[in-house]
Peer 1: 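Have a look at this one.
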Amino acid sequence: MYNAKAYSAVSGTSPLASTTIPRRDPNEYDVQIEILFCGICHSDLHSARNEWTGTVYPIVPGHEIVGRVTAVGSGVTKFKPGDVAAVGCMVDSDGTCPQCKEGLEQFCPNVILTYNSADKHLGGVTYGGYSDSVVVDERFVLRVPANLDLAATAPLLCAGITTYSPLRHWGITSGKKVGVVGIGGLGHMGVKLAHAFGAHVVAFTTSPHKKEDALSLGADEVVVSRNNDEMQKHAGSFDFILDTVSADHDINAYLNLLARDGNITLVGGPPMPLSVAAFSLIVGRHSLSGSNIGGIAETQEMLDFCGEHNITSDVEVIPIQKVNEAYERLLKSDVKYRFSIDMASLKSE
Ligand code: NAP
Ligand code: ZN
């Protein structure tokens with residue numbers, strides 16, 4: 001065991017602050033990674049503030065990790081010291097259940113998330129990527145295509161896979177009309193990926209100032225969702241809508257934009273239940289579903305796809321000392337479009 005530097009919150013109302021945390025020495029199949037960049041996901045904020053309940057304190061958030069391998073266990077075959085490596089939202093699963101056997105580790109009943117899950121090695125809970133290092137079983141460590149910028153790649157490990165997976169699951173290709181609701185960290189990746197898959201992409205935003213950006217991210221059209229006339233122009237026309245909104249909003253307004261048999265998939269996790277009008281589903285045989293990140297194999301597929309198509313996140317790189325300010329700005333949708341923490345800044349703590 002050794003001590004790593006990290007930023008943690010000790011309660012739902014305290015700011016994140018510098019601390020040290022225990023990390024295990026690498027076991028036979030472990031990869032030790034010096035963390036170079038970690039994205040800030042809205043889930044980090046929900047969790048740090050216990051908005052979903054169940055947070056164990058202290059919490060070290062962060063599940064969009066890119067770094068350099070510093071040591072490997074004797075049984076590791078995929079990585080060697082010096083390699084660039086990435087870790088997303090999961091660090092372990094049982095590997096034997098039907099979900100794991102299908103490569104859907106995110107649905108394993110024994111999945112271990114990167115933070116705030118029971119740590120079977122050290123006791124307590126797992127600590128995430130707002131830290132200078134992490135030790136992870138090689139099955140959960142991803143390869144990063146050599147052509148991608150590392151700060152801008154970190155967000156792919158959650159925002160990228162969380163939007164890639166449902167777009168693939170629902171068969172999004174050219175000829176499909178796809179809406180993406182909320183142009184934040186997830187949403188801007190959803191627009192880029194749906195565009196790359198050849199769909200006709202409509203971005204829905206509450207922020208009129210994001211209009212130009214959404215077009216350059218790859219949207220074919222942008223709708224300011226507070227404008228009812230703009231919304232109604234698209235009534236009954238979408239094959240698929242990806243909803244990334246992190247707060248309460250009217251889902252019926254979007255259900256009514258679906259074509260017959262159209263689907264809305266929720267990836268955003270507002271803490272309070274959404275209310276659904278029965279007739280928003282009944283008329284048009286619409287469906288409403290959800291999606292949770294993506295499995296490890298699909299995460300690697302997504303990274304390779306992004307490498308081939310030169311897709312990364314639009315990031316604002318910040319030092320760890322600005323993380324609390326970044327959380328406040330995230331709540332105001334004041335980031336284009338993902339904060340990526342330069343973990344070199346942790347060395348001075
Ligand atoms: P984010 O960067 O804060 O983006 C959320 C966007 O939602 C905002 O940029 C904003 O877009 C829109 N929005 C915010 N408040 C709104 C409101 N009151 N009404 C309407 N629109 C609003 O967050 P993120 O990191 O993309 O995460 C989004 C959500 O997905 C969070 O709840 C997060 O926990 C969840 N998540 C889920 C998964 C999963 O596996 N399912 C994975 C990661 C994250 P506009 O300014 O364009 O309106
Ligand atoms: Zn996330």
Side-chain angles (χ1 to χ4, degrees), residues 38-52 55 61-65 87-90 104-107 111 113-116 128-130 154-167 169 179-192 202-215 217 219 222-227 231 242-251 253-254 264-272 274 289-295 298-299 302 313-316 326-340:
C38 184
I40 297 181
C41 178
H42 208 115
S43 302
D44 300 349
L45 188 156
H46 289 307
S47 303
R49 300 190 176 176
N50 200 24
E51 291 174 357
W52 289 334
T55 300
H63 56 206
E64 296 184 334
I65 297 168
V87 177
C89 303
M90 304 178 283
L104 297 169
E105 298 89 351
Q106 72 272 33
F107 302 122
V111 67
L113 300 177
T114 304
Y115 59 83
N116 203 47
Y130 298 3
L156 301 181
L157 276 300
C158 177
I161 184 60
T162 301
T163 49
Y164 183 94
S165 183
L167 289 167
H169 179 78
V180 178
V181 187
I183 307 305
L186 266 56
H188 93 290
M189 288 311 309
V191 169
K192 288 188 186 205
V202 181
F204 291 93
T205 181
T206 59
S207 309
H209 66 90
K210 292 183 183 173
K211 227 169 167 170
E212 288 305 312
D213 284 352
L215 293 171
L217 291 167
V222 184
V223 171
V224 175
S225 53
R226 298 198 200 280
N227 181 325
M231 291 286 281
L242 186 66
D243 184 336
T244 77
V245 176
S246 52
D248 190 29
H249 61 290
D250 179 15
I251 189 78
Y254 296 99
I264 293 189
T265 291
L266 296 178
V267 286
M272 298 303 287
L274 297 171
S289 57
S291 188
N292 185 24
I293 48 173
E298 193 175 41
T299 305
M302 176 277 307
S313 173
D314 288 19
V315 288
E316 178 177 337
Y327 275 26
E328 293 311 312
R329 287 181 50 198
L330 189 60
L331 284 172
K332 290 186 228 146
S333 298
D334 174 25
V335 50
K336 293 184 168 183
Y337 277 87
R338 195 61 139 187
F339 291 111
S340 183

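Note that ligands are numbered from 1 as they come in the structure, with each ligand's atoms numbered from 1 the same way.
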Peer 1: Which of the atoms of ligand 1 are close to Ser207, meaning less than 4.0 Å from one of its heavy atoms?
Peer 2: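 Counting from 1, the qualifying ligand atoms are 45 (P), 46 (O).
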Peer 1: Specify the closest pair of heavy atoms between Thr55 and Asn116, including all atoms of both residues, with the distance to one decimal.
Peer 2: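 Smallest heavy-atom distance, with atoms named: CA-ND2, 3.6 Å.
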Peer 1: With respect to the Zn ion (ligand 2), please indicate if Cys89 possesses an N, O or S atom at a distance under 2.8 Å.
Peer 2: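 Cys89 does not place any N, O or S atom closer than 2.8 Å to the Zn ion (ligand 2).
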Peer 1: Checking the N or O distance criterion of under 3.5 Å, is ligand 1 in contact with Cys41?
Peer 2: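 In this structure, Cys41 places no N or O atom under 3.5 Å from an N or O of ligand 1.
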Peer 1: Testing Lys192, Arg338, His188 one by one against Asp314 for a side-chain hydrogen bond (donor to acceptor under 3.5 Å, both in side chains), which residue passes?
Peer 2: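 It is Lys192; the other options fail the test.
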Peer 1: To the closest 0.5 Å, what do you measure between CG (Asn292) and CD (Glu105)?
Peer 2: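 Asn292 atom CG to Glu105 atom CD measures 11.5 Å (nearest 0.5 Å).
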Peer 1: Would you say Ile40 has any N or O atom under 3.5 Å from an N or O of ligand 1, going by distance alone?
Peer 2: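 For ligand 1, there is no N or O atom that lies under 3.5 Å from one belonging to Ile40.
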Peer 1: Below 4.5 Å, heavy atoms only, C-beta onward: do Ile65 and Leu157 meet side chain to side chain?
Peer 2: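 Ile65 does not reach Leu157 side chain to side chain.
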Peer 1: Judging by distance only, is a nitrogen or oxygen of Val245 under 3.5 angstrom from one on ligand 1?
Peer 2: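 Such a contact does not occur with ligand 1.
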Peer 1: Can you tell me how far OG of Ser43 sits from CH2 of Trp52, rounded to the nearest 0.5 angstrom?
Peer 2: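 Rounded to the nearest 0.5 Å, the CH2-OG separation comes out at 3.5 Å.
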Peer 1: By number and element, which atoms of ligand 1 are closer than 4.0 Å to a non-hydrogen atom of Trp52?
Peer 2: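 Every atom of ligand 1 under 4.0 Å from some heavy atom of Trp52: 34 (O).
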Peer 1: Write out the residue and atom name of the closest protein heavy atom to atom 20 (C) of ligand 1, then the distance separating them to 0.1 Å.
Peer 2: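 Residue, atom and distance for the closest contact: Thr206 CG2, 3.6 Å.
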Peer 1: Under 4.0 Å, heavy atoms only, figure out whether ligand 1 is touched by the backbone of Cys158, its side chain, both or neither.
Peer 2: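 It is the side chain that touches ligand 1; the backbone stays farther off.
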Peer 1: Any idea which atoms of ligand 1 are less than 4.0 Å away from a heavy-atom of Gly185?
Peer 2: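 Listed by number with element: 1 (P), 2 (O), 4 (O), 26 (O).
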Peer 1: Give a yes or no on whether the backbone of Gly294 and the side-chain of Ser165 come within a donor-acceptor separation of less than 3.5 Å.
Peer 2: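 A pair under 3.5 Å: no.
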Peer 1: Which bit of Thr244 is near ligand 1, meaning a heavy atom under 4.0 Å away: side chain, backbone, both or neither?
Peer 2: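 Near ligand 1, Thr244 shows its backbone, while the atoms from C-beta on stay back.
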Peer 1: Considering only non-hydrogen protein atoms, determine which one is nearest to atom 26 (O) of ligand 1 and report residue, atom name and distance to 0.1 Å.
Peer 2: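 Among all protein heavy atoms, the one nearest atom 26 (O) of ligand 1 is Leu186 N, 2.8 Å.
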Peer 1: Answer with side chain, backbone, both or neither: which part of His46 has a heavy atom less than 4.0 angstrom from an atom of ligand 1?
Peer 2: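 The side chain, only.
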Peer 1: For a quick check under 3.5 Å, do Ser207 and Ser333 share a side-chain donor-acceptor pair by atom type?
Peer 2: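 No donor-acceptor contact under 3.5 Å links the two side chains.
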Peer 1: Report yes or no: does Glu51 contribute a side-chain atom to a donor-acceptor pair with the main-chain N or O of Pro271 at less than 3.5 Å?
Peer 2: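 No; zero donor-acceptor contacts below 3.5 Å.
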Peer 1: To the nearest 0.5 Å, what is the distance between CD1 (Ile183) and OG1 (Thr244)?
Peer 2: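 Reported to 0.5 Å precision, the distance equals 6.5 Å.
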Peer 1: Counting N and O atoms only, with roles assigned by atom type, does the side chain of Thr163 sit under 3.5 Å from a partner on the main chain of Gly160, one being a donor and the other an acceptor?
Peer 2: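 Checked: pair present.
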Peer 1: Which of the atoms of ligand 1 are close to Lys210, meaning less than 4.0 Å from one of its heavy atoms?
Peer 2: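 This gives 9 (O), 11 (O), 45 (P), 46 (O), 47 (O) as the contact atoms.
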Peer 1: So, 4.0 Å and heavy atoms of Ser291: is ligand 1 close enough to count as a contact?
Peer 2: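 Judged by the 4.0 Å heavy-atom criterion, Ser291 does count as contacting ligand 1.
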Peer 1: Would you mind listing which atoms of ligand 1 come within a distance below 4.0 Å of any non-hydrogen atom of Gly269?
Peer 2: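 So the answer, numbered in order with elements, is 29 (C), 30 (O), 31 (C), 32 (O), 35 (C).
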Peer 1: Counting from 1, what ligand 1 atoms have a heavy atom of Thr162 closer than 4.0 Å?
Peer 2: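 Per the distance check, 38 (C), 39 (C), 40 (O), 41 (N), 42 (C).
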Peer 1: Numbering the atoms of ligand 1 from 1, which are under 4.0 Å from a heavy atom of Thr205?
Peer 2: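 So the answer, numbered in order with elements, is 45 (P), 46 (O), 47 (O), 48 (O).
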Peer 1: Tell me, which protein residue and heavy-atom name are nearest atom 11 (O) of ligand 1, and how many Å apart are they?
Peer 2: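 Of every protein heavy atom, Ile183 N, 3.3 Å lies nearest to atom 11 (O) of ligand 1.
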Peer 1: Between Ile161 and Pro166, what is the shortest heavy-atom contact and its length?
Peer 2: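 Scanning both residues completely, I find the closest heavy atoms to be O-CD, 4.2 Å.
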Peer 1: Salt bridge or not between Lys336 and Asp213? Use side-chain N to carboxylate O under 4.0 Å.
Peer 2: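 Salt bridge present between Lys336 and Asp213.
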Peer 1: N/O of His42 under 3.5 Å from N/O of ligand 1, yes or no?
Peer 2: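 So ligand 1 has an N or O lying under 3.5 Å from an N or O of His42.
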Peer 1: If you measure every N/O of Gly182 against every N/O of ligand 1, is any gap under 3.5 Å?
Peer 2: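 N/O-N/O distance under 3.5 Å: no.
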Peer 1: Suppose I only count heavy atoms of Ile293 and a 4.0 Å limit; which atoms of ligand 1 are within that range?
Peer 2: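 The list of qualifying atoms is 39 (C), 40 (O).
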Peer 1: Give the residue, atom name and distance (to 0.1 Å) of the protein heavy atom nearest atom 33 (C) of ligand 1.
Peer 2: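 Checking every protein heavy atom, the shortest distance to atom 33 (C) of ligand 1 gives Ser43 OG, 3.4 Å.
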Peer 1: Where does the angle between the aromatic ring planes of Tyr130 and Tyr327 fall among parallel (under 30°), tilted (30 to 60°) and perpendicular (over 60°)?
Peer 2: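 Perpendicular, since the angle between the ring planes exceeds 60°.
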Peer 1: Please check: side-chain N/O of His249 versus main-chain N/O of Ala247, any donor-acceptor pairing under 3.5 Å?
Peer 2: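 Checked: pair present.
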Peer 1: To the closest 0.5 Å, what do you measure between CG (Leu274) and OH (Tyr254)?
Peer 2: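 Output value for this atom pair is 11.5 Å.
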Peer 1: Got the closest protein heavy atom to atom 14 (C) of ligand 1, with its distance?
Peer 2: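 Looking at atom 14 (C) of ligand 1, the protein heavy atom closest to it is Ser246 OG, 3.8 Å.
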Peer 1: Do me a favour and list the nearest non-hydrogen protein atom to atom 4 (O) of ligand 1 with residue, atom name and distance?
Peer 2: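 Its nearest protein heavy-atom neighbour is Gly184 CA, 3.4 Å.
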Peer 1: Does Val267, backbone or side chain, put an N or O under 3.5 Å from an N or O of ligand 1?
Peer 2: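 N/O-N/O distance under 3.5 Å: yes.
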Peer 1: Against ligand 1, does Gln106 come closer than 4.0 Å with any heavy atom?
Peer 2: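 Judged by the 4.0 Å heavy-atom criterion, Gln106 does not count as contacting ligand 1.
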Peer 1: Report yes or no: does Cys41 have an N/O/S atom closer than 2.8 Å to the Zn ion (ligand 2)?
Peer 2: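 It does: Cys41 brings an N, O or S atom closer than 2.8 Å to the Zn ion (ligand 2).
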Peer 1: At what distance, to the nearest 0.5 angstrom, does CD of Glu328 lie from CG of Leu45?
Peer 2: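 Going from CD on Glu328 over to CG on Leu45, the span is 7.5 Å.
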Peer 1: What's the shortest distance from atom 18 (N) of ligand 1 to any protein heavy atom, and which residue and atom give it?
Peer 2: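 Protein heavy atom with the smallest distance to atom 18 (N) of ligand 1: Ala247 CB, 3.5 Å.
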Peer 1: Roughly how far, to the nearest 0.5 Å, is the CG atom of Asp250 from the OG atom of Ser225?
Peer 2: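 It comes to 10.0 Å.
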Peer 1: What protein heavy atom sits nearest atom 30 (O) of ligand 1, and how far off is it?
Peer 2: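 Protein heavy atom at minimum distance: Gly268 CA, 3.2 Å.
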